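In what follows, a structure is listed as structure tokens, so that the remarks can point back to it.
Side chains included, hydrogens not; waters and symmetry mates left out as well; all remaining heavy atoms used. These numbers were taken from a predicted model, which means no experiment stands behind them.
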Amino acid sequence: MSGIEAWHMDESEEDHKLPHRLNPNQSVSLKQLEEIGVYYWKLNADIYENDPELQKIREERGYSFMDIITIHPDKLPDYENKVKMFYEEHLHLDDEIRYILDGRSYFDVKDKNDRWIRIAVSKGDLITLPAGIYHRFTVDESNYTKAMRLFVGEPVWKAYNRPADDFDIRKAYVNSLKCS
């Protein structure tokens, strides 16, 4: 499936809502993302409430819990602090699963060489980040994203900022990269 756009990021500390492409751009393919455990689907967000394709993915992968978050200054209390917190490099003990229902944003993930890859997500994009991967999130310059958050079982919101290399889930993730 095509539709995902990803690239290696520059080192600029400029506004994190900007694309931060290298010059020349260094695209990252869906296959390269899958090699680090990131998976992607393109769905029809206009029918998310009754989408058989989304239902099938949820059933196959055990995504039993879902909620919807709107990330926008007028919709998310304490917006600036939350966006700043989302952008801190961290990992989770569970997969992070997000389905973008509207707007545009970025997930940044670390590759096997600890370089940042920026993944642009927009309406209809469903993305999973594996437990143990260092990542961060930001909206783009529009300051708006509406996303469905999916979980296996009860939601766990805890993020562990880097360094978290001693966590078993981080060690398991790193070992999985050596096998691929």
Side-chain angles (χ1 to χ4, degrees), residues 1-6 28-72 75-77 79 82-83 85-111 117-140 142 144-160 164 167-177 179-180:
M1 249 184 228
S2 64
I4 192 85
E5 187 181 10
V28 175
S29 69
L30 182 55
K31 182 179 185 308
Q32 290 170 295
L33 291 175
E34 290 174 352
E35 288 171 359
I36 58 171
V38 175
Y39 291 93
Y40 168 81
W41 295 263
K42 185 68 170 182
L43 301 174
N44 181 352
D46 291 330
I47 61 166
Y48 75 89
E49 292 170 313
N50 299 300
D51 184 357
E53 194 173 352
L54 174 61
Q55 191 58 40
K56 180 179 178 214
I57 292 167
R58 289 186 66 181
E59 288 171 7
E60 287 175 354
R61 300 181 71 92
Y63 301 156
S64 55
F65 180 90
M66 100 44 198
D67 72 358
I68 294 175
I69 185 172
T70 301
I71 303 170
H72 183 271
K75 301 286 185 186
L76 184 65
Y79 173 82
K82 292 255 174 69
V83 169
M85 181 185 69
F86 297 156
Y87 197 66
E88 292 289 321
E89 182 178 4
H90 63 278
L91 60 78
H92 300 285
L93 303 182
D94 298 298
D95 291 356
E96 181 160 326
I97 307 112
R98 299 293 182 266
Y99 179 22
I100 308 303
L101 302 177
D102 201 11
R104 184 173 161 93
S105 50
Y106 300 118
F107 280 97
D108 300 338
V109 297
K110 289 288 183 126
D111 71 6
I117 296 171
R118 175 148 279 189
I119 305 166
V121 290
S122 57
K123 185 176 180 176
D125 292 340
L126 172 63
I127 188 170
T128 65
L129 308 181
I133 193 172
Y134 283 122
H135 67 283
R136 60 191 182 193
F137 170 86
T138 187
V139 290
D140 73 357
S142 70
Y144 172 68
T145 295
K146 181 178 180 181
M148 178 185 292
R149 300 182 289 191
L150 296 153
F151 296 89
V152 175
E154 289 298 309
V156 178
W157 308 107
K158 181 78 174 134
Y160 299 91
F167 281 83
D168 288 343
I169 196 69
R170 176 66 185 167
K171 291 175 184 174
Y173 172 73
V174 171
N175 285 336
S176 75
L177 295 178
C179 297
S180 60

- Take Y106 and D140 through the test side chain to side chain donor-acceptor pair (under 3.5 Å) and record every step on the way to the result. CA-CA 7 Å; Y106 300 118; D140 73 357; 5.0 Å; no
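A distance-only check finds no donor-acceptor pair linking the side chain of R149 to the backbone of D67 [under 3.5 Å]. When atom types are taken as modelled, the side chain of R170 and the backbone of G132 share a donor-acceptor pair closer than 3.5 angstrom. The backbone N or O of I97 lies less than 3.5 Å from no partner atom in the side chain of T128, so there is not a single donor-acceptor pair. Side chain of Y39 to main chain of P130: no donor-acceptor pair is present (N/O by atom type, distance under 3.5 Å, no hydrogens or angles). Counting only distance, with no hydrogens or angles, the side chain of H90 and the backbone of E88 share a donor-acceptor pair below 3.5 Å. The main-chain N or O of G103 is never found under 3.5 Å from a side-chain atom of S122 such that the two would form a donor-acceptor pair.
Between the NZ atom of K56 and the CD atom of E59 there is a distance of 10.0 Å, given to the nearest 0.5 Å. Put simply, CG on L177 and CD on E35 are 10.0 Å apart, with the number rounded to the nearest 0.5 Å. Note that the CG atom of D51 and the CZ atom of R58 stand 11.0 Å from one another [nearest 0.5 Å]. Separation of atoms CG (D108) and CG (L129) is listed at 10.0 Å; rounding is to 0.5 Å. With values rounded to the nearest 0.5 angstrom, I4 atom CD1 is found 8.0 Å from K42 atom NZ.
K146 and Y48 make their closest contact through NZ-OH, 4.5 Å (heavy atoms, listed as atom of the first residue, atom of the second, distance). Of all heavy-atom pairs between S105 and F137, the closest is OG-CE1, 3.3 Å. Nearest heavy atoms, Y173 versus I36: OH-O, 2.7 Å. Between K110 and I133 the shortest heavy-atom distance is O-CD1, 4.1 Å. Heavy atoms only, all atoms of each residue included: L54 and Y99 are closest at CD2-CE2, 3.8 Å. Residue I100 comes nearest to A147 through the heavy atom pair CD1-CB, 4.0 Å, listed as atom of the first residue, atom of the second, then distance.
Under the 4.0 Å criterion applied to side-chain N and carboxylate O atoms, K123 and D102 are not assigned as salt-bridge partners.
Relative ring orientation between Y79 and H72 is described as tilted, the plane-to-plane angle lying within the 30° to 60° band.
A cation-pi arrangement, defined by a distance under 6.0 Å to the six-membered ring centre and an angle within 45 degrees of its axis, is absent between K82 and F86.
I57 places a side-chain heavy atom less than 4.5 Å from the side chain of L43. Taking 4.5 Å as the limit, every side-chain heavy atom of F107 sits out of range of all side-chain heavy atoms of I117.
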